[in-house]
Amino acid sequence: MRTWVERAVPGPWVWRLVVREVLGGLVVCGLAALLQAMDSGGWPSGLVVAAAGVLFLLRRGLPGTVLVLASAGVGGPGGFLPLLVAAGYSAGRRITRPWYAPAVFGLGFVLNFAVGVLQNRRDHFPVPALLGISVVGFLLLGVLPALLGRYRAQRSALLDSLRERNEQLVRERVMIARQARLRERHRIAQDMHDSLGHQLALIAVHTGALEVDRTLGERQREAVGVLRQAATGAMRELREVVGLLRDDSAPAAGGVDAIDRLAESSQAAGTLVELRHEGTSRELAAATGHAAYRIAQEGLTNAHKHARGARIVLTVRYERDAVMVEVLNGPGGDGTAAVSGGQGLTGLRERARLLGGSIHADRESDGGFRLSGRLPYTSDGALDAVPEDEELRELAGTLIGPEKRRRSPAMGCALGALAVLGVVGVVGAIGALMFVGAMRDATVSTSLYDSIEVGQSEGVVNARLPIGNDFLTGDFKKYGPPAPDGAHCRWFAGDVETDPGGGQDVVRFCFDNGLLVDKQHFRSRAQPDGTAPGRSVNPSESAAR
C-alpha cells in the first residue's frame with residue numbers, strides 16, 4: 001500500500017512543492033466550482049469540485065490515468081475543464097514512452113466524445129457537430145497544454161545536459177592547462193640545456209687553454225678567474241631555471257640588456273666578438289626580450305663549440321615591426337666535432353613560433369654560420385604560429401559541431417503547436433460548413449411556404465420541405481399560435497430579414513391524419529402585451545379541426 005501511495009503522490013515534499021500543489025489545487029477547485037455553478041445541469045457541484053481536487057494531486061504520479069479520467073469528465077459537467085488543462089500539461093511533461101502518450105490521449109478523446117454523446121442525447125445535438133466540438137475542445141484544452149509540458153520537459157533536460165557538459169569541459173580545460181604547464185616546463189628544461197651548454201662551453205675553452213699552456217702566469221690566472229665567473233654564472237642560472245620548474249612566477253633568466261654581458265663574457269675568454277646595436281631601441285615584452293637573449297646565447301654557444309677562434313659578429317637590430325638578433329661567425333676550429341645535444345635550435349624555433357616570429361640557421365659560402373631570429377613587437381601573429389593540438393581541435397569540434405546540428409526542442413514544440421492550430425482551423429472550417437449546411441436544411445423560403453397549401457398530403461409536403469434540424473429550431477416551439485389538438489408539427493426558419501431586436505422569422509407546418517392541417521409564419525418574439533405574434537393563414541388555407 002505504501003508503494004502505491006508513493007507512486008501516486010511522489011516526493012520529495014519540500015515546502016516549495018507543497019505550496020505549489022496547494023495553490024494549484026485551490027485554483028483548479030475554485031475554477032471547477034465556478035464553472036459548475038454556471039452549468040444548469042450535470043452532476044452535483046460538490047462531487048465535481050472534490051473529484052477535480054483529488055485528481056489534481058494525483059496528476060504527478062499518475063499522469064496518464066488522470067488525463068483519461070479528466071477527458072471523460074469534460075464530456076459531462078464543465079467543472080472538469082481546468083483539470084483537463086492541468087492533466088494535459090502534466091502528461092506531456094511526464095509521459096516519455098513514445099507509444100504510451102498517443103494511447104492515453106486517444107483513449108481520453110474517445111471517452112470524452114462518448115460521455116458527450118450520452119450527456120447531450122436529450123438535446124438532440126447533431127453527432128457531426130458534437131464530434132467537431134469535441135475535437136477542437138480536446139486539442140485546445142488537452143493536446144496544446146501537453147505540447148507545452150513536453151517543451152518544458154525537453155528544455156529542462158537540455159539545460160541539465162548542458163550543465164553536465166559544461167562541468168565536463170571545465171575539467172577538460174583544467175587537464176589541458178596542466179598539460180600546457182608540463183609542456184612549458186619541458187621548454188624550461190631546454191632553457192637549462194641552452195644556459196648550461198653555453199657556460200660549460202666557455203669552461204671547456206678555458207680548460208683547453210690551461211692544458212696547452214704548461215706554465216701558470218698572469219694570463220693563466222686571468223683564465224682561471226674567467227672559469228670561476230663562468231662556473232658561478234652557470235650555478236646562478238641553474239638555480240633560476242630550477243626555480244622556474246618549482247614556481248611559474250619566477251622571472252626569466254635574461255633579456256636584451258643581458259646580451260651585452262654575453263658578449264663581454266666571450267670577449268673575456270679571448271674570443272673576438274663584435275657587438276652591434278642598430279636602429280632605435282624599444283621596450284620589449286618580457287617573453288620577446290628573453291627569446292632574443294636565448295637566440296644570442298645559442299649563437300655564441302654554437303660558435304664556441306664549432307668555430308673556435310673565429311670572429312663573431314653579434315647584431316641586435318630594431319626594425320619597424322620586429323627586432324632582429326643575428327649571430328654570424330666565420331670559419332674556424334681544429335676540425336674536431338664538439339658534443340651537441342641537438343636541442344638548441346629546436347627549442348629556439350618553438351619559442352619564436354609561439355611569439356609569432358621565426359628562426360633561420362644557414363651555413364655561409366665561406367664556411368661560416370649564420371643564426372638569425374625575427375621577433376615581432378606585438379603578438380598579433382602568434383595565434384597562427386601556435387602548433388596544432390589534437391585535443392584542442394577535438395574539443396573545439398565538440399563545442400561547435402553538435403551545436404550547429406542540434407535542433408532546439410522549442411522548434412519541435414512550435415511545429416507541434418502549428419500542427420494543432422492547423423487541425424483546429426481545418427476542424428473549424430468543417431464546423432462552419434456543417435453549420436451553414438444545417439441552416440440550409442432548417443430554412444424554408446417564403447416562396448416555398450406560399451406554394452404549400454393546407455390539405456395537401458403529409459408525404460407530398462415533406463418531400464418539398466428540407467430535412468430540418470431540431471437542434472437549431474428547438475426553441476421555436478415556445479413561440480407562435482397554439483398548435484392544433486392532436487397534430488404534430490415541424491418548425492423551420494424563414495428567410496425574411498428582420499431587425500436585430502425583431503426576433504427570428506419562423507415557419508411552422510402541422511400535420512394530422514396524413515394531411516397538412518395548419519401552417520403558420522411568425523417571429524420568435526413576444527408582443528409588448530405578452531401575446532405571441534403570429535400570422536395565421538386564411539380560413540380557406542386551414543383545415544377544420
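Residues: numbered from 1 along the sequence shown.
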Undergrad: With side-chain contact (heavy atoms from CB on, under 4.5 Å) as the test, would you mind laying out the steps for Y377 and T288 before giving the verdict?
TA: CA-CA 7 Å; Y377 297 129; T288 304; 5.8 Å; no
Undergrad: Evaluate N166 against L162 for side-chain contact (heavy atoms from CB on, under 4.5 Å), listing each step before the verdict.
TA: CA-CA 6 Å; N166 182 60; L162 291 178; over 6 Å; no
Undergrad: Rounded to the nearest 0.5 Å, what separates atom CZ in R155 from atom CZ in R93?
TA: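 With rounding to 0.5 Å, CZ (R155) is 10.0 Å from CZ (R93).
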Undergrad: With under 30° as parallel and over 60° as perpendicular, where do the rings of F509 and F492 fit, or are they tilted in between?
TA: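 Rings of F509 and F492: perpendicular, over 60°.
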Undergrad: Look up atom CD in Q168 and atom CZ in R163, then write down how far apart they are to the nearest 0.5 Å.
TA: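 One finds 15.0 Å between CD of Q168 and CZ of R163.
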Undergrad: What I'd like to find out is whether the side chain of L84 reaches to under 4.5 Å of the side chain of S71, using heavy atoms alone.
TA: yes
Undergrad: I need the minimum non-hydrogen distance between A72 and L111, along with the two atoms involved.
TA: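 Heavy atoms of A72 and L111 come nearest at CB-CB, 3.8 Å.
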Undergrad: Can you check whether R152 reaches Y89 side chain to side chain, under 4.5 Å on heavy atoms?
TA: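 They are in contact (side-chain heavy atoms under 4.5 Å apart), so the answer is yes.
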Undergrad: Checking T443 against D495: is there a side-chain donor and acceptor pair closer than 3.5 Å?
TA: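 No donor-acceptor contact under 3.5 Å links the two side chains.
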Undergrad: Between Q520 and D518, does any side-chain donor sit less than 3.5 Å from a side-chain acceptor?
TA: yes
Undergrad: Do F113 and F138 make a side-chain contact, defined as non-hydrogen atoms from C-beta onward lying under 4.5 Å apart?
TA: no
Undergrad: Which heavy-atom pair separates L375 from A352 by the least distance, and what is that distance?
TA: CD2-CB, 4.0 Å
Undergrad: Atom NE2 of H290 and atom CG of L355: how far apart are they, to the nearest 0.5 Å?
TA: 10.5 Å
Undergrad: Is the shortest distance from a Lys or Arg side-chain nitrogen in R59 or E21 to a carboxylate oxygen in the other one below 4.0 Å?
TA: yes
Undergrad: List the steps, then state whether salt bridge (charged side-chain N to carboxylate O under 4.0 Å, His left out) holds for R165 with D160.
TA: CA-CA 8 Å; R165 189 173 184 179; D160 293 340; over 6 Å; no
Undergrad: Test side-chain contact (heavy atoms from CB on, under 4.5 Å) on H521 and D505; report intermediate values, then the result.
TA: CA-CA 8 Å; H521 190 182; D505 190 44; 2.8 Å; yes
Undergrad: To the nearest 0.5 Å, how far apart are CG in L67 and CG in L55?
TA: 11.0 Å
Undergrad: Please report the shortest heavy-atom distance between Q504 and A493, naming the atom on each side.
TA: NE2-CB, 3.7 Å
Undergrad: Shortest non-hydrogen contact from C489 to W491?
TA: O-CZ3, 3.4 Å
Undergrad: Please report the interatomic distance OG(S457) to CG(N462), rounded to the nearest 0.5 Å.
TA: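 Answer rounded to 0.5 Å: 8.5 Å.
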Undergrad: Tell me, do R508 and K519 make a side-chain contact under 4.5 Å, heavy atoms counted?
TA: no
Undergrad: Does the side-chain contact (heavy atoms from CB on, under 4.5 Å) test come out yes or no for L159 and S156, once each step is laid out?
TA: CA-CA 5 Å; L159 291 178; S156 299; 5.8 Å; no
Undergrad: Taking the side chain as C-beta and beyond, is there a heavy-atom pair between V517 and C510 under 4.5 Å?
TA: yes
Undergrad: Which atom pair, heavy atoms only, marks the closest approach of R150 to G92?
TA: NH1-O, 3.1 Å
Undergrad: Got a second to check how far L69's CG is from L58's CG, nearest 0.5 Å?
TA: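 Result: 9.5 Å between the selected atoms.
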Undergrad: Answer yes or no: is there a donor N or O on one side and an acceptor on the other, between the side chain of S90 and the main chain of A87, under 3.5 Å?
TA: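 Here the side-chain-to-backbone pair does not exist.
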Undergrad: To check you understand the geometry: which heavy-atom pair defines the closest contact between E458 and F511, and what is its length?
TA: CG-CD2, 3.5 Å
Undergrad: Would you say the side-chain atoms of R349 and S358 include a donor-acceptor pair closer than 3.5 Å?
TA: no
Undergrad: Would a 4.5 Å heavy-atom cut-off, applied to side chains only, mark V507 and F522 as touching?
TA: no
Undergrad: Would you call L144 and V85 a side-chain contact if the rule is heavy atoms closer than 4.5 Å?
TA: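 In short, these two side chains do not touch, never coming nearer than 4.5 Å.
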